[in-house]
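One-based numbering, in listed order, for ligands and for the atoms of each.
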Amino acid sequence: MSPAKTGQPDRRQELMVTTPPVSALELDDMLTRLRLTAIRDQLDNLLEEAARKELNLREALAWLCAAEIARKDQRRIAMAMSIAKFPFVRTLEGFEYEAQPSLDPGQIRELATCRWVANGDTLLLLGPPGVGKTHLAVALGREAVSKGYTVQYVSAMELISTLARAHNQTALESRLSQYGKSKLLIIDELGYLPLEPDAAHLFFQLISRRYERGSVLITSNRPVMEWGEVFGDQVVATAILDRLLHHSHVLTVRGDSYRLREKRRSGLIKSSSAVRTIPATGEEGSP
Ligand code: ADP
Ligand code: MG
């Protein structure tokens, strides 16, 4: 039976339409149309490499696809990194464990697998200023992005003031859903500065919304026992912690500020107790 009668496309005709030769320009256009831009941009090199490796057609096709996927992954990660709004670039490779003996490198490596993000767990990074909490938060956030999770970074101050403003303008719902949608929300530097009067209630609403849905990473210079004071409301702080600590990992970083270690070395300051009397350096806007 002819293809017209069966309603099936005529495979011979299909082949005739797409059979080469095509000019370099036509091929370029086809690759552009298919959005195969990595193959298009590196075509000569890729084909030369495939010939050098004596790949057969199927292997060569897989090799080209791999080049395209690598470029698309790179773009996706770059886009997700900019959406995350990290304040600066910090990586786990750039973290010196010798400078921070209170941390277990094995535990950080385990966190870097992002299983805790997949599970929707909470991570609390607690400790005094300058010990690397923000560095680790950003570095773990970047690991999560590179593993395909959506991440959002925000300072505690900005988060609370944004929610408070939205609350006054009856736009709280849309703000809460904006902070609720990423798989990991990093809230940096809770407890450094006094919070707005409504902070505890707003924070509670956010945490309730994310509870058992998405992960939260919080850094704070105050131990959880003092969060009643931080929020100015013991009852609501307890309710917040009840949810946060249900599935959680708590890392308490101890020791001296990394920022001030040069000053310590030069004998300008002596101990971590002396550090508190020195004004903050203000590096990168952190306390
Ligand atoms: P915190 O958030 O605890 O106040 P930061 O993470 O902001 O401290 O650290 C202050 C500065 O010192 C940052 O520039 C950070 O990259 C750097 N830093 C802190 N600890 C380390 C470390 N162990 N290895 C490398 N850099 C560090
Ligand atoms: Mg910090």
Q: Quick test of your reading of the structure: of His135, Arg90, Arg259, whose heavy atom lies closest to atom 14 (O) of ligand 1?
A: Arg90

Q: So is there a nitrogen or oxygen of Gly130 less than 3.5 Å from a nitrogen or oxygen in ligand 1?
A: yes

Q: Can a donor-acceptor pair be found between the side chains of His135 and Tyr258 at a distance below 3.5 Å?
A: no

Q: Between the Mg ion (ligand 2) and Glu189, which N, O or S atom of the residue is the nearest one?
A: OE2

Q: Taking only residues two or more places apart in sequence, or in another chain, which ones meet Gln74 in a side chain to side chain contact (heavy atoms under 4.5 Å, CB included)?
A: none

Q: With a 4.0 Å cut-off on heavy atoms, is Val131 touching ligand 1?
A: yes

Q: I want to know if ligand 1 touches Glu189 in the polar sense, i.e. an N/O pair below 3.5 angstrom.
A: no

Q: Side chain or backbone of Tyr258 under 4.0 Å from ligand 1, or both, or neither, by non-hydrogen atoms?
A: side chain

Q: Any atoms of ligand 1 less than 4.0 Å from a non-hydrogen atom of Gly94? List them with their elements.
A: 24 (N), 25 (C)

Q: Any salt bridge (charged side-chain N to carboxylate O under 4.0 Å, His left out) pairs touching residues 95-104, not counting sequence neighbours?
A: Glu96-Arg261

Q: I'd like to know if Arg165 and Glu158 make a salt bridge, using a cut-off of under 4.0 Å between side-chain N and carboxylate O.
A: no

Q: For ligand 1, which atoms sit closer than 4.0 Å to a heavy atom of Pro129?
A: 4 (O)

Q: Give yes or no for whether the N/O distance cutoff of 3.5 Å, strictly under, is met between Tyr97 and ligand 1.
A: no

Q: Which of the atoms of ligand 1 are close to Gly132, meaning less than 4.0 Å from one of its heavy atoms?
A: 1 (P), 3 (O), 5 (P), 6 (O), 8 (O), 9 (O), 19 (C), 20 (N)

Q: May I ask you to test the Trp227-Ser220 pair for a side-chain heavy-atom distance under 4.5 Å?
A: yes

Q: Could you tell me whether some N/O pair between Phe88 and ligand 1 is separated by less than 3.5 angstrom?
A: no

Q: A side-chain contact here means heavy atoms from C-beta on lying under 4.5 Å apart; do Asp233 and Phe204 qualify?
A: no

Q: With a 4.0 Å cut-off on N to O distance, would you call Glu49 and Arg52 a salt bridge?
A: yes

Q: I'd like the name of whichever of Glu98, Glu96, Gln100, Lys133 reaches closest to atom 24 (N) of ligand 1 through any heavy atom.
A: Glu96

Q: I'd like to check which ligand 1 atoms, numbered from 1 as shown, lie under 4.0 Å from a non-hydrogen atom of Thr134.
A: 1 (P), 2 (O), 6 (O), 7 (O)

Q: State whether Thr134 contributes an N/O/S atom found under 2.8 Å from the Mg ion (ligand 2).
A: yes

Q: About how many Å separate CG of Leu184 and NZ of Lys147, when rounded to the nearest 0.5 Å?
A: 12.5 Å

Q: Evaluate the side-chain proximity of Gln205 to Leu172: yes if any heavy-atom separation is below 4.5 Å, no if none is.
A: yes

